[in-house]
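Notes for the one structure printed next.
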Amino acid sequence: MTYEIEQTTGDSEWFTHDRFGLFIHWGLYSLAARHEWLQSRERLSGEKYRNKYFNKFDPDLYDPDLWAQLSYDAGMKYAVVTTKHHEGFCLWDSKLTDYKAPNTPAGRDLIRPMTEAFRQRGMKVGFYHSLIDWHHPHYTIDTKHPLRFDEEAIAESANKDFSLYREYLYGQTKELLTEYGNVDLLFYDFSFPAENGLPGKGKEDWRSGELIKLIRSLQPNILLNDRLQIGGDITTPEQYLPTKWVQIDGKRVVWETPHTFSGSWGYHRDEESWKSVDMLVKMLIDVVSKGGNLLLNVGPTGRGEFDERTIDRLKGIGEWMKRHSRSIYGCTQAPESIECPQDCRLTYNPETNRLYVHVYSWPFKSIHLHGLAGQVEYAQLLNDASEIRYKQGLVNSGIDNGAYKEGRDESTLVLSLPVKKPDVAVPVIELFMKGGPR
């Protein structure tokens with residue numbers, strides 16, 4: 001059984017199979033180590049921000065092979081890397097600006113070795129690129145701009161030529177899509193409405209239709225997100241878990257939810273609301289159980305490392321994925337006819353015809369699967385392939401007091417569990433459905 005999903009222009013087949021990706025937010029804000037929006041929050045002009053951080057950016061411990069290996073070992077299948085965030089600082093050797101990593105003590109293009117390291121491990125590569133730019137001289141002041149409360153700056157903004165910034169945006173997009181081989185995904189960020197008497201920015205400002213035509217002409221199969229105010233291939237609800245498969249106009253769509261390990265996208269030294277491995281694994285399962293992808297973000301330090309909290313979480317997720325990735329890759333929402341047991345999540349692989357029961361809270365002895373009697377040919381714990389025995393149906397046309405005591409009826413399959421919970425973050429029971437692979 002497969003669900004009908006709104007078709008994408010770009011190639012989403014790999015995306016809906018791989019399910020789990022790495023997001024990377026890295027820039028000058030990593031030096032401040034207190035939030036990637038600090039330039040806006042602290043109302044710093046582009047000049048003040050540059051003077052403070054640009055000549056200090058020296059990621060001497062940057063090891064893209066280690067980054068790629070850590071994410072690969074965590075079970076991630078693709079990576080989306082910030083080429084430029086709202087601050088306007090570019091991590092690659094753009095010919096259109098001097099505000100770039102090669103002109104800092106870093107002295108080099110930081111994107112190219114990253115893309116090569118991920119690709120060497122068979123991972124797909126995507127680019128995050130900010131539509132917003134607080135450094136460009138012709139980017140006009142809006143409700144998100146650092147100088148939005150500066151009356152003099154607002155007056156000067158009226159004389160800026162935003163079309164020159166738009167040319168810059170298009171030019172940098174062309175650089176990224178022609179100089180780094182096949183780019184699998186492009187994550188633009190973002191459009192926003194007017195607020196407090198200041199303008200927003202959206203599809204009219206970016207001329208999104210023209211921009212999309214440029215993108216498709218350069219990389220026809222690329223996946224594009226939805227933040228140009230024109231429907232893209234991927235819908236991206238951020239920092240929350242939808243309650244069901246995301247729909248647009250009543251139709252299921254390809255979707256992905258980006259999330260942080262803590263409360264910040266960039267490296268934040270003092271931020272303490274870090275999610276546990278257990279929570280992160282459950283987030284991944286929950287998203288896949290609703291037909292979506294999880295894009296989990298890392299904010300490297302100013303010296304170019306993943307900090308110890310990040311590494312701890314990645315290794316913990318990797319331990320779980322090593323034994324349970326079959327319940328994630330190639331999986332999607334289970335058929336709606338199957339009722340999910342209490343404190344569980346279901347995923348389903350339509351190619352192998354296997355159903356996966358993720359047990360969030362380990363119960364005493366039994367899991368009841370209503371309506372599945374006669375539909376399962378074998379069951380096992382996924383972590384060690386140990387058999388799970390089960391009972392189903394009733395004896396003598398339903399006259400079986402033992403069955404009634406167990407809560408069974410003609411249609412219920414009861415999995416018989418060990419009393420002790422397996423020593424994994426979330427145990428998974430793999431059900432081989434009758435009929436074999438489809």
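The chain is numbered in sequence order, starting from 1. Predicted model, so just to flag it, every value in this text is computed and none were measured.
By the 4.0 Å N-to-carboxylate-O rule, K203 lies too far from E210 to be salt-bridged with it. A salt bridge links E42 with R34; the closest basic N to acidic carboxylate O contact falls under 4.0 Å. The pair K100-D93 meets the salt-bridge criterion, since a charged nitrogen lies less than 4.0 angstrom from a carboxylate oxygen. Under a 4.0 Å N-O distance rule, the pair K282/D286 does not qualify as a salt bridge. A salt bridge links R121 to D65: one of the charged nitrogens lies within less than 4.0 Å of a carboxylate oxygen. A salt bridge between D60 and R303 is present, with a side-chain N of the basic residue lying under 4.0 Å from a carboxylate O of the acidic one. Ion pairing between R252 and E4 fails under the 4.0 Å rule for side-chain N and carboxylate O.
Judged by the 6.0 Å and 45° rule, R112 forms a cation-pi pair with Y180. A cation-pi arrangement is present between K77 and Y329, with the terminal nitrogen or guanidinium carbon under 6.0 Å from the aromatic centre and inside a 45° cone about the axis. Because its NZ or CZ atom is not both nearer than 6.0 Å to the ring centre of F190 and within 45° of the ring axis, K201 does not count as a cation-pi partner of that residue.
Heavy-atom neighbours of D423 CG from other residues, nucleotides or ligands within 6.0 Å: at or below the threshold of 12.
Exactly one of H17, K290, R19 qualifies for a side-chain contact (heavy atoms from CB on, under 4.5 Å) with T332. That residue is R19.
When all heavy atoms are compared, the tightest approach of I215 to L177 is CG2-CD1, 3.9 Å.
Looking only at distances, no side-chain donor or acceptor of W245 sits under 3.5 Å from a matching main-chain atom of P242. In this structure, the side chain of Y3 engages the main chain of A334 through a donor-acceptor pair within 3.5 Å. Between the R323 side chain and the E319 main chain, a donor and an acceptor come within less than 3.5 Å of each other. Between the Y128 side chain and the H85 main chain, no donor and acceptor come within less than 3.5 Å of each other. A donor-acceptor pair under 3.5 Å is absent between the side-chain atoms of Y168 and the main chain of Y139, judged by distance alone.
Annotation: H25 is in aromatic contact with F23 [ring centroid separation under 6.0 Å].
Using a 3.5 Å distance cut-off with no hydrogens or angles, the side chains of Q39 and E87 do not pair a donor with an acceptor. Using modelled atom types and a 3.5 Å distance limit, the side chains of S40 and W134 yield no donor-acceptor pair.
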Show your reasoning for whether ring-ring contact (aromatic ring centres under 6.0 Å, His included) applies to Y53 and Y49.
-> CA-CA 6 Å; Y53 299 115; Y49 187 78; 5.2 Å; yes

